[in-house]
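To start, the structure under review is shown below, and the notes come after it.
If you read the sequence from its start, that first residue is 1, and numbering goes on from there.
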Amino acid sequence: MSAKTNKKDDGKSNKTVKKTADKSAKPANKKASAAKNEAAGQAAGKTVNKTADKTSKKTVNKPANKPAKKTTTEKSPVKKDILRGGRLGDERPKEVWGYLSSAEADRYIGDSDVLVDIGHLLMTSRQKIVDRGSAKKIMEVLLDLHKNGLSESVFDAKYEDVHAGIESYIIDRIGSENGGRLHIGRSRNDEVATCVRLRLRGDILDILSEIAGFRKVLMELASDNLNSLMPGFTHMQYAQPTTLAHYFMNYEQALGRDFERFGDALLRVDRCPLGAAAFASTGYPIDREYTAELLGFPEVLENSMDCVSGRDFCIETIAACTILMTTLSRLCEEMVVWSSTFAGFVNLHDAYCSTSSIMPQKKNPDCAEIMRGKTASAAGALAASVALVKGLPMSYNRDMQDLWNHLWRAVSDAKSSIKIMSGMIQTAEFNRAKLAEESGKGFSTATELADVMVRNYGLPFRTAHGIVGRAVRLGKLDINTLEEAASEMAGISLKKKGLDAATVKKALDAEFSVRERNATGGPAPESVQKCIERRRADLKEDLEWTDAYRARAESAIEKMIKEAEEMIKK
């Protein structure tokens, strides 16, 4: 069953988002009266990041000019966090700033945070929760951040997270009388949950596209190798002959299940928690369905406590990443062994290999080895995430912040690994002659010989199995050795039953063995060809579903940005 079929059955991906009619309701007209913050000029002049991938940059912590004083507490050298001015004092140990900050993980959701801010502001403005004048001033800054990138200042460790950093940046630009209204009707709890889901939606769609691309590569390779014999293994021992086509389609089928897992996870990720506030919703007249529609979420995640405390969607995504990485790691292991000199089954492209710093002859399969290592990291992220969440009472707890590092590393590694693996296999040169030569070694056609005895001469399979096994023990699979083994094991004569040297030779031929295995899913060329045709149809449906899902989400964001631009023109 294709992933698309599963999603149709779920029914959630086809839900129609509630349409809101009156988008031009006029908010109350209030004049902004506060002076801008002293640092506004400095903040406005800061250079913004214009790189394509704003989320991948790492913060460079500049060393202090002087060693830190050995005092228990000290004043922060930077302007204090806007959240600490009321309930808390200004002083805290220097090391606490970085310890509490989620700045590094927040780089993954910085752009999503701006989109969530835009959606929230459009809603609070339309609901007359934020006046038109303040809303326009805030929106101008948000659109600038959306188009030109976030200022590096929002990731400063003086802020506990990027949400506080962006709010501070806005207040620096337009003053607290205006900028201080952005956060009305929400908490950082529902805000971060929404940002993560929004970013994760895009990442999962990217992973789905990469998986689909690799599946296509495998199908093409299978089509080109329907008759390419190779040895099959169990316990890393020669077992039975098969084909490269059968081998490639084995991984394609496994990746098809990975596709379904991510697709199913996407349906649970893509629900909007915005409006839950800290955990008990809010007394403001918010419209949660409207913000969900603006941000492209097919539905609202209803219970406000679950909205901010639920992290199963993260664990599910990490689990899907771990299973995908495990599949890739098994292929990596084979490429490492197959590319070795003593196997010589494949020559990996130079782009995916490295050499030795001392041994000039070396060509090491480093990408495959690194990918095996990243699989261990994904598995560790899954274990850590489950352990982190399992003991937390409802609803929100700060421990959850540490989950983001595990989530983004697992997602990032899965996304890059599937792309690299696809390129590595597509450019690899498989030694078909060597694989065919090895396909019949190690008595790997012994099973077919036993089957011939059963089909042609009516022996019980266990009797035939024992005779062939004894012949292997005696060192040969020829007519005379088989006759001796039959006499010892069953007290019968195979020659009298009609077995001759020509029949034995044919049964031991690797190509004959493969062609005989033509049941559904078997390695016979016609069987694999039928499998490829079915899987191509499934892949076409999966790609159409993914493209339609992505287009709908992107269209919603584009529509929201246009609505925001219209707001500041009025």
Can you check whether Asp287 reaches Arg126 side chain to side chain, under 4.5 Å on heavy atoms?
yes
Stacked cation flag Arg271 on Phe297, 6.0 angstrom / 45 deg:
no
Quick one: side chain to side chain donor-acceptor pair (under 3.5 Å) partners of Glu210, sequence neighbours excluded?
none
Nearest 0.5 Å please: distance from the OG atom of Ser281 over to the CE atom of Met305.
12.0 Å
side-chain contact (heavy atoms from CB on, under 4.5 Å), that's the test. Do Gln127 and Tyr290 meet it? Break it down for me.
CA-CA 10 Å; Gln127 296 295 104; Tyr290 178 51; 5.9 Å; no
Which pair of heavy atoms, one from Ala414 and one from Leu324, lies closest together, and at what distance?
CB-CD2, 4.2 Å
Of all heavy-atom pairs between Val217 and Ser422, which one has the smallest distance, and what is that distance?
CG2-OG, 3.6 Å
Pairwise side-chain contact, Thr375 with Arg330, heavy-atom cut-off 4.5 Å (strictly under)
no
Here the pair of heavy atoms bringing Met325 nearest to Ser417 is CE-OG, 3.4 Å
Is a side-chain donor or acceptor of Thr194 paired with a backbone partner of Leu274 at a separation under 3.5 angstrom?
yes
Interatomic distance, CG@Leu301 vs SG@Cys272, rounded to 0.5 Å, equals 8.5 Å
Report the C-alpha separation of Phe262 and Ile323 in whole Å, then their side-chain angles, then the decisive distance to 0.1 Å, and conclude whether the side-chain contact (heavy atoms from CB on, under 4.5 Å) test is met.
CA-CA 10 Å; Phe262 278 102; Ile323 296 171; over 6 Å; no
So, does Lys136 use its side chain to make a donor-acceptor pair with the main chain of Lys570 at under 3.5 Å?
yes
Hey, does the side chain of Thr322 reach the backbone of Ala378 with a donor-acceptor pair shorter than 3.5 angstrom?
yes
Non-hydrogen side-chain atoms of Cys353 and Asn364 separated by less than 4.5 Å
no
How close do Ala193 and Cys307 get, counting heavy atoms only, and between which atoms?
CB-O, 3.7 Å
Side-chain ion pair, Arg261 and Asp264, N-O less than 4.0 Å
no
Tightest non-hydrogen contact, residues Leu403 and Ser385, listed as CD1-OG, 3.0 Å
Can you tell me how far the OH atom of Tyr169 sits from the CG atom of Asp172, to the nearest 0.5 Å?
9.0 Å
Is any side-chain heavy atom of Val154 closer than 4.5 Å to a side-chain heavy atom of Ser168?
no
Quick check: do Lys415 and Cys321 have side-chain heavy atoms less than 4.5 Å from each other?
no
Does CD1 belonging to Ile561 count more than 12 external heavy atoms closer than 6.0 Å?
yes
Can you confirm whether Glu554 is buried at CD, in the sense that more than 12 heavy atoms of other residues, nucleotides or ligands lie under 6.0 Å from that atom?
yes
May I ask you to test the Phe155-Leu150 pair for a side-chain heavy-atom distance under 4.5 Å?
yes
Let me confirm one number: the CD-CD distance from Glu369 to Glu333, rounded to the nearest 0.5 Å.
9.5 Å
How many angstroms lie between OH in Tyr251 and CG in Leu331, if you round to the nearest 0.5 Å?
5.0 Å
Do you see a donor-acceptor pair shorter than 3.5 Å between the side chains of Arg550 and Ser209?
yes
His163: side chain to side chain donor-acceptor pair (under 3.5 Å) partners, not counting sequence neighbours
Asp113
For Arg197, check salt bridge (charged side-chain N to carboxylate O under 4.0 Å, His left out) against everything at least two apart and list the hits.
none
Going by the rule salt bridge (charged side-chain N to carboxylate O under 4.0 Å, His left out), which residues pair with Arg288 if we only count those two or more places apart in sequence or in a different chain?
none
Output all residues satisfying side chain to side chain contact (heavy atoms under 4.5 Å, CB included) with Ala278, sequence neighbours left out; order by chain, then residue number.
Ser187, Asn189
So, Ser134 side chain and Asp131 main chain: donor-acceptor pair closer than 3.5 Å or not?
no
Using 4.0 Å as the upper bound for N to carboxylate O, is an ion pair formed by Lys147 and Glu565?
yes
Asp542 and salt bridge (charged side-chain N to carboxylate O under 4.0 Å, His left out): which single residue from Lys216, Arg257, Arg215 fits?
Arg215
List the steps, then state whether side-chain contact (heavy atoms from CB on, under 4.5 Å) holds for Leu200 with Ile204.
CA-CA 6 Å; Leu200 200 52; Ile204 291 177; 4.1 Å; yes
Side-chain touch Asp106/Tyr159, heavy atoms, less than 4.5 angstrom
no
Does atom CZ of Arg409 have more than 12 heavy-atom neighbours, drawn from other residues, nucleotides or ligands, at distances under 6.0 Å?
no
Under the 3.5 angstrom rule, does the side chain of Ser304 hit a backbone N or O of Phe279 as a donor-acceptor pair?
yes
Rounded to the nearest 0.5 Å, the NZ atom of Lys390 sits from the CG atom of Leu388 at a distance of 10.0 Å
Taking Glu177's backbone N and O only, do any of them form a donor-acceptor pair with Arg181's side chain (distance below 3.5 Å, no angle check)?
yes
Carboxylate-amine/guanidinium contact Asp111 Arg199, below 4.0 Å:
no
Checking the side chain of Ser125 only, and the main-chain atoms of Leu122 only, is there a donor and an acceptor separated by less than 3.5 Å?
no
Are the side chains of Asp144 and Arg173 in touch, meaning some heavy atoms are under 4.5 Å apart?
yes
Before you tell me yes or no, could you show the steps for Glu191 and His183 under side-chain contact (heavy atoms from CB on, under 4.5 Å), namely the whole-Å CA-CA distance, both residues' side-chain angles and the distance that decides it to 0.1 Å?
CA-CA 10 Å; Glu191 183 181 6; His183 207 64; 3.4 Å; yes
Determine yes or no for a side-chain-to-main-chain donor-acceptor pair under 3.5 angstrom, with Asn397 supplying the side chain and Pro393 the backbone.
yes
According to the interplanar angle, ranging from 0 to 90°, do the rings of Trp545 and Tyr549 count as parallel (below 30°), tilted (30 to 60°) or perpendicular (above 60°)?
tilted
Give me the atom names and distance for the closest heavy-atom approach of Arg552 to Pro298.
NH2-CG, 3.1 Å
Give me each pair satisfying side chain to side chain donor-acceptor pair (under 3.5 Å) with a member in residues 306-319, each pair once, sequence neighbours excluded.
Arg268-Glu316
Look only at the side chain of His349 and the backbone of Gln426, and say whether a donor-acceptor pair between them is shorter than 3.5 Å.
no
